[in-house]
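Quick notes on the structure that follows.
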Amino acid sequence: MEKDHTNSGFLHIGNKLLNWYRKNARDLPFRQTKDPYKIWICEIVFQQTRISQGLGHYNNFIKRFPDVKTLAEAEEDEVLLYWKGLGYYSRAINIHKAAQQIMNDYQGTFPEQYEEILKLKGVGKYTAAAISSICFGGRMPAVDGNFYRVLSRIFADDFDISNSKAFSYFSELAFLVMPESAGDFNQAMMDIGSEVCKPKKPLCGECPVHEDCLAFSLQKVSDFPVKTKKVKAEDFALQYYFVHRNGRFLIQQRKDDFIWKKLFEFLPELPAELEPFIRNTKTVFHKLSHKNLTIEITDVEVTSEAVWNSFTEQNQYIVTDFEAFHERSFPKPLESYIQNSLKD
DNA sequence: AACGCGGGGCG
DNA sequence: CGCCCAGCGTT
């Protein structure tokens, strides 16, 4: 499975990046360890997520769930709580399932082989390569967005990174450049990609391989990588009823499809017997990557204790309050709405 | 092979 | 306001 490109002619590039990394590596909490659990968590947290955005979540997560067993034995809702605000919530669901997978299928010991790591829920080729190389000496490039950007610039390669073959294409290029120490090389590519070879305004003057970079010599760095597919955000409307009385309010848990998987939300429909208690309606706008949400939230204050009691006793909704809502994971706009209601 | 999935930051 | 980010699972 591993390939030998020791005579590729491009190894000096990888070695320069490696040497740069030895001196300039970012001081990050997961750089001090080869614990596969911590590396795994960090890889999942930082998928499609900037370090500055996910660092707090990562630290909190590791503190609460320090090992596979603790994570596997936790409730899914609590795992989701620690994922609150990070986005892509299926990552939290999958990371929890994968922990149970490691307990059940590998007796709690993290699998060391790439093909076994790849079987874990939520672990794809990138993450499996990263864990394998960083923790177990595997010799695979962890090809991610940084690899696409750095390699496409070094080789002035216009292969479309939107193409579904981009991963295998840039994996081939990566093998040409990658030195023996794949783990450090992979982390070098992450750091050079985020600190120097940035998407916008790259710092080519500080780059250890700018003399080897074809795009730089052509003064066409900003032309790479090539990406054709554009995603357009569609409009989508959500309707909610914020049903409350004396600081308590009603919620339910979302399904694991569509957006905000398994997060909590207000009532999407209003039971007829509560219609007399409608006070007002606010409209909240919330922009997701692929959707522009218009969220209409109607405030319903149940002023009759009898109605509240009979309703809360017999229906399927969860009763919570302003003190306890922090204990559940709400979508960003709904959390903001609750906090604003708290001020009133 | 194509698409859907969050949220934040930057130009 | 569009683009990008330590990608992955589903269809």
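First the proteins, then the strands, lettered A, B, ... as listed; each starts at 1.
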Ignoring hydrogens and geometry beyond distance, is the side chain of A:Thr49 in donor-acceptor contact with the base of B:dG8 at under 3.5 Å? no
Starting at CG of A:Asp144 and ending at C1' of C:dC8, how long is that distance when rounded to a whole Å? 13 Å
Which nucleotide, B:dC3, C:dA6, C:dG7, lies nearest any side-chain atom of A:Gln47? C:dG7
Whole Å only: how far is the CG atom of A:Asp257 from the P atom of B:dG4? 14 Å
Mutual orientation of the aromatic rings belonging to A:Phe65 and A:Tyr82 [parallel < 30°, tilted 30-60°, perpendicular > 60°]: perpendicular
Name the nucleic acid region contacted by A:Lys165, choosing base, sugar-phosphate or nothing; use a 4.0 angstrom heavy-atom cut-off, strictly under. sugar-phosphate
Once you apply a heavy-atom cut-off of 4.0 Å, does A:Ser52 come out as touching a base, just sugar-phosphate, or nothing? nothing
Ignoring hydrogens and angles, answer whether the base of C:dC4 and the side-chain atoms of A:Arg50 contain a donor-acceptor pair closer than 3.5 Å. yes
Give the nucleotide from the list C:dG7, B:dG6, C:dC4 with an atom nearest to the side chain of A:Lys227. C:dC4
Once you round it to whole Å, what is the distance between C1' of B:dG7 and CZ of A:Phe330? 18 Å
Specify whether A:His12 and A:Phe10 have parallel, tilted or perpendicular ring planes, treating 30° as the upper limit for parallel and 60° as the lower limit for perpendicular. parallel
Would you mind reading off the distance between A:Lys291 atom NZ and C:dC1 atom C1', rounded to a whole angstrom? 19 Å
Could you tell me how the ring of A:Phe46 sits relative to the ring of A:Tyr58: parallel (under 30°), tilted (30 to 60°) or perpendicular (over 60°)? tilted
Quick note, A:Tyr88 side chain, CB onward, closest among C:dA6, C:dG9, B:dC5 is B:dC5
State, with a plain yes or no, whether a side-chain heavy atom of A:Leu71 is found less than 4.5 Å away from one of A:Arg64. no
By the 4.0 Å heavy-atom rule, please label A:Val123 as base, sugar-phosphate, or nothing. sugar-phosphate
For a quick test of reading the model: is some side-chain N or O of A:Tyr148 closer than 4.0 Å to OP1 or OP2 of C:dC4? no
Give A:Ile44 one of three labels, base, sugar-phosphate or nothing, depending on what nucleic acid heavy atoms sit under 4.0 Å from its own. nothing
Separation of A:Asn186 atom CG from C:dG7 atom C1', in whole Å? 15 Å
Taking atom P of B:dC10 as reference, at what distance in whole Å does atom NZ of A:Lys200 sit? 12 Å
A:Phe258 side chain: which of C:dC4, B:dC5, C:dA6 is closest? B:dC5
In terms of the nearest nucleotide of DNA chain B, which residue is placed more toward the 5' end: A:Lys201 or A:Ser90? A:Ser90
C:dC3 P sits how many Å from A:Leu288 CG, rounded? 17 Å
Using the C1' atoms only, state how far B:dG9 lies from C:dC8, rounded to an integer number of Å. 23 Å
A:Leu55 CG to C:dA6 P: how many Å, rounded? 14 Å
Between A:Gln48 and A:Pro199, who's closer to the 5' end of DNA chain C by nearest nucleotide? A:Pro199
Would you mind classifying the nucleic acid contact of A:Gly54 as base, sugar-phosphate or nothing, using non-hydrogen atoms under 4.0 angstrom? nothing
Is A:Arg149 touching bases, backbone alone, or none of the nucleic acid, heavy atoms closer than 4.0 Å? sugar-phosphate
OP1, OP2 of C:dA6 versus side-chain N and O of A:Trp40: anything below 4.0 Å? no
Whether A:Phe330 and A:Phe266 hold their rings parallel, tilted or perpendicular, with breakpoints at 30° and 60°: tilted
Please confirm whether the shortest side-chain N or O distance from A:His286 to OP1 or OP2 of B:dG7 is below 4.0 Å. yes
Whole-angstrom distance between B:dC10 and C:dA6, as gauged at atom P: 14 Å
Where does the angle between the aromatic ring planes of A:Phe242 and A:Phe249 fall among parallel (under 30°), tilted (30 to 60°) and perpendicular (over 60°)? tilted
Please tell me if the side chains of A:Phe311 and A:Tyr317 come closer than 4.5 Å, counting only heavy atoms from C-beta onward. yes
Of A:Phe46 and A:Gly122, whose nearest nucleotide on DNA chain C comes first from the 5' end? A:Phe46
Against the side chain of A:Lys230, the closest entry in C:dA6, B:dG6, C:dC3 is C:dC3
Using heavy atoms to find the nearest nucleotide of DNA chain B for A:Gln53 and A:Asn163 separately, return the residue whose nucleotide is more 5′. A:Asn163
Donor-acceptor pair under 3.5 Å, A:Thr127 side chain vs C:dG7 base: no
May I ask you to evaluate whether A:Lys125 reaches the phosphate of C:dC8, defined as a side-chain N or O under 4.0 Å from OP1 or OP2? no
At 4.0 Å (heavy atoms only), tell me whether A:Arg254 reaches a base, stays on the sugar-phosphate, or touches nothing. nothing
